[in-house]
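For the single chain, residues carry numbers from 1 onward in sequence order.
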Amino acid sequence: MAAPVLAPITQQVSGRTATVPVPGGPAAAALVPSGPARGQPLAAAVAGLPVLDADGRRVPFGALFRERRAIVVFVRHFLCYTCKEYVEDLAKIPRSFLQEADVTLIVIGQSSYHHIEPFCKLTGYCHEIYVDPEREIYKRLGMKRGEEVTSSGPSPHIKSNILSGSVWSLWRAVTGPLFDFQGDPVQQGGTLIVGPGHDIHFIHRDSNRLDHKPINSVLQLVGVQQVDFTGRPSVIHV
């Protein structure tokens with residue numbers, strides 16, 4: 001039987017070269033390249049960069065989506081309360097929904113690989129997850145550093161306010177077995193739809209901690225069934 005033809009994804013958030021604030025004041029502002037846009041292939045040099053799994057094994061980034069289309073979510077850092085709550089909702093996506101669409105879901109952080117297992121236990125996340133401790137893939141994809149003020153609006157996935165969320169993040173930092181921030185605290189994340197192979201179908205670079213793409217909008221782009229994240233029981237009409 002011939003393999004099904006994958007419908008093209010036409011939506012995108014393409015990047016531009018922009019000045020991004022980083023710690024140290026205006027003199028320390030860095031000009032960050034936009035990275036690839038939708039419709040461009042992922043550079044072989046980027047595909048060959050390693051990510052680490054929960055056991056510290058090195059895996060080429062491109063091997064994660066060589067055979068199938070993938071949703072790749074880059075998170076800020078594992079102590080970020082918005083990342084925690086966003087990944088908690090990613091964990092609610094049934095594996096069967098992804099399998100029906102022949103799509104894989106991948107989360108990538110930028111901490112030491114030692115933090116992967118505790119983060120998965122905390123969030124209930126059971127899909128693929130890796131880390132890019134040197135942030136080389138973040139950089140090559142043009143993921144931003146610093147926070148930009150945008151009108152992204154409230155996130156459907158974030159339940160905590162900034163005060164309670166920040167206090168909880170700090171508590172996790174000081175009570176964890178390793179006192180660190182589990183990644184660069186000013187690094188932003190993003191979402192990539194890529195594969196099979198190196199074809200980039202969609203890319204979104206977060207401008208701040210609340211600027212992640214709503215999960216159902218990403219699922220819709222790859223033909224995955226929508227998920228009810230409200231937690232309310234379904235109403236059956238008879």
Approximate separation, where rounding is to 0.5 Å, of H201 NE2 and L221 CG | 11.0 Å
Partners of E128 by side chain to side chain contact (heavy atoms under 4.5 Å, CB included), sequence neighbours excluded?
-> L64, T104, I106, Y130
Only counting residues at least two apart or in another chain, list the ones meeting side chain to side chain donor-acceptor pair (under 3.5 Å) with D206.
-> H204
Minimum heavy-atom distance between V46 and R140, given as atom pair plus value = CG2-CB, 3.7 Å
Those residues that, when tested against E88, pass salt bridge (Lys or Arg N to Asp or Glu O under 4.0 Å) (two or more places apart) = K84
Kindly indicate, with the supporting measurements, whether the criterion side-chain contact (heavy atoms from CB on, under 4.5 Å) is fulfilled by V72 and F61.
-> CA-CA 10 Å; V72 186; F61 180 51; 4.3 Å; yes
Are any of the side-chain heavy atoms of V227 and P94 separated by less than 4.5 Å?
-> yes
Where is the tightest heavy-atom contact between I200 and P41, given as atom of each residue plus distance?
-> CD1-C, 4.4 Å
Counting N and O atoms only, with roles assigned by atom type, does the side chain of Q110 sit under 3.5 Å from a partner on the main chain of R135, one being a donor and the other an acceptor?
-> no
Which residues share a side chain to side chain contact (heavy atoms under 4.5 Å, CB included) with P118, sequence neighbours left out | none
Can the ring centroids of H212 and Y86 be said to lie less than 6.0 angstrom from one another?
-> yes
Side chain to side chain donor-acceptor pair (under 3.5 Å) partners of R95, counting only residues at least two apart | none
R57: what forms a side chain to side chain contact (heavy atoms under 4.5 Å, CB included) with it, not counting sequence neighbours?
-> D53, D55
Is there a donor-acceptor pair under 3.5 Å between the side chain of Q188 and the backbone N or O of G146?
-> yes
To the nearest 0.5 Å, how far apart are CG in L192 and CZ in F65?
-> 6.5 Å
Partners of E136 by salt bridge (Lys or Arg N to Asp or Glu O under 4.0 Å), sequence neighbours excluded?
-> K139
F229 and D89: which non-hydrogen atoms are nearest, and at how many Å?
-> CE2-O, 3.1 Å
Can you tell me how far CD1 of I71 sits from CG of L90, rounded to the nearest 0.5 angstrom?
-> 8.5 Å
Check the angle between the aromatic planes of F119 and F78 and answer parallel, tilted or perpendicular using the 30° and 60° thresholds.
-> parallel
Residues two or more places apart in sequence or in another chain: which of them pass side chain to side chain contact (heavy atoms under 4.5 Å, CB included) with A91?
-> Y125
Would you give the length of the straight line joining atom CE of M143 to atom CD1 of I203, rounded to the nearest 0.5 angstrom?
-> 5.0 Å
Salt bridge (Lys or Arg N to Asp or Glu O under 4.0 Å) involving R66 - partner list, sequence neighbours excluded | none
Just jot down the salt bridge (Lys or Arg N to Asp or Glu O under 4.0 Å) partners of E100, sequence neighbours excluded, or say none.
-> none
Just grab all the salt bridge (Lys or Arg N to Asp or Glu O under 4.0 Å) pairs involving residues 186-195, residues at least two apart or on different chains.
-> none
Hey, does the side chain of R76 reach the backbone of P185 with a donor-acceptor pair shorter than 3.5 angstrom?
-> yes
Stepwise, does the side-chain contact (heavy atoms from CB on, under 4.5 Å) test hold for Q226 with L219?
-> CA-CA 7 Å; Q226 307 286 280; L219 296 181; 4.0 Å; yes
Residue pairs fulfilling salt bridge (Lys or Arg N to Asp or Glu O under 4.0 Å) with at least one residue in residues 108-118, sequence neighbours excluded = E117-K121
Could you check V222 against L98 for side-chain contact (heavy atoms from CB on, under 4.5 Å), going step by step and ending with a plain yes or no?
-> CA-CA 9 Å; V222 291; L98 297 168; over 6 Å; no
